[in-house]
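Quantities reported herein were computed from a predicted structural model and do not represent experimental measurements.
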Amino acid sequence: MPHHAVEIVLTRPVTPGELRHARCGVPLAANADRTRLMAVHRARHPDGALHALRRRLGTRLPIDVLTTHYPGRHGQVLLNVSLDRAADSALRQAAAVLGQRPQDVLRRRVTAALAQEEQERARRLEDRLESMLAHHTPEEVLTCLAGLLHSREHHRTPTAP
């Protein structure tokens, strides 16, 4: 059975005691501020790993979202979210009206929201570039950007092999 890397996003930083208690059942790695955890779980499919970890850790940790760390066969990252009753009811009603499954409606809404966010970020970047180009030549902007990128790459700390 394959192993699946799962990222666990928490609603708040987990306490050392909560983390210790959760680690009794599942090996976990925490980031520095203990708001994100990583786990590797055996399951036939990635969605099975997400479901099993939600079941095992849902009462021990303040879990917001579980997500596969790597894209699956179709190039998508899977999410496992727990909705409150009102949100779940609204999602089920919308799905019934559309004649679709709730997870398909949620997938479409999340995909649309991510696409909109990406478009807004691109628009903000274009606006900032236009503003810079009003005061600087394209060559100046490119030279400055190249210097910044080189500096960031040069000052980056090496990672262990």
Side-chain heavy atoms under 4.5 angstrom apart, residues restricted to Ile, Leu, Val, Met, Phe, Trp, Tyr: same cluster for V6 and V26? yes

Do the side chains of R121 and E126 get close enough for a salt bridge, i.e. N-O under 4.0 angstrom? no

Could you state whether V81 and L57 fall into the same hydrophobic cluster, counting links through intermediate Ile, Leu, Val, Met, Phe, Trp or Tyr residues with side-chain heavy atoms under 4.5 angstrom apart? no

Salt bridge R101-D104, side-chain N to carboxylate O under 4.0 Å: yes

Any link between L66 and V77 through a network of hydrophobic side chains (Ile, Leu, Val, Met, Phe, Trp, Tyr) touching at under 4.5 Å? no

Would you say D88's side chain and R92's backbone share a donor-acceptor pair under 3.5 angstrom? no

Given the rule in the side-chain hydrogen bond (donor to acceptor under 3.5 Å, both in side chains) test, do R108 and Q100 qualify, once you have shown the distances and angles that lead to the verdict? CA-CA 11 Å; R108 201 175 59 254; Q100 298 176 356; 2.6 Å; yes

Exercise: identify the closest heavy-atom pair between L83 and A87: CB-CB, 4.1 Å

Any side-chain to backbone donor/acceptor pair from H41 onto H3? Under 3.5 Å, distance only. no

Report yes if some heavy atom in the side chain of R54 is under 4.5 Å from a heavy atom in the side chain of S82; otherwise report no. yes

Salt bridge or not for R124 and D127, using N-O below 4.0 Å? no

Whether T111 side chain and R107 backbone form a donor-acceptor pair below 3.5 Å: yes

I'd like to check T137 versus E140 (side-chain heavy atoms, cut-off strictly below 4.5 Å). Are they in contact? yes

Please identify which of these residues, L28, D64, V65, meets the side-chain contact (heavy atoms from CB on, under 4.5 Å) condition with I8. L28

For the student: nearest non-hydrogen atoms of D33 and P13, plus distance: O-CB, 3.5 Å

Can a donor-acceptor pair be found, under 3.5 Å and without considering hydrogens, that links the side chain of R36 to the backbone of V9? no

Below 4.5 Å, heavy atoms only, C-beta onward: do P62 and R12 meet side chain to side chain? yes

Atom CD1 of I63 and atom CG of L53: how far apart are they, to the nearest 0.5 Å? 7.5 Å

Using a cut-off of 6.0 Å, state whether more than 12 heavy atoms not belonging to E117 lie near its atom CD. yes

Mark yes or no for whether T68, through its side chain, and L78, through its backbone, hold a donor-acceptor pair below 3.5 Å. yes

L61 and L37: side-chain contact (heavy atoms from CB on, under 4.5 Å), yes or no, with the steps? CA-CA 10 Å; L61 296 171; L37 308 173; 3.6 Å; yes

Cluster check L91, L98: I/L/V/M/F/W/Y, side chain < 4.5 angstrom: yes

Look at E18 together with R60 and state whether they make a salt bridge at an N to O cut-off of under 4.0 Å. no

Within-4.5 Å side-chain heavy-atom neighbours: P16 and R34: yes

dist R128:CZ -> S131:OG (nearest 0.5 Å) comes out at 9.5 Å

Find out whether L149 and E153 are in side-chain contact, i.e. whether some heavy atom of one side chain is under 4.5 Å from a heavy atom of the other. no

Would you say L114 and L79 are hydrophobically clustered, going by side-chain heavy atoms of ILVMFWY under 4.5 Å? yes

E120 atom CD, neighbour heavy-atom count above 12 within 6.0 Å: yes

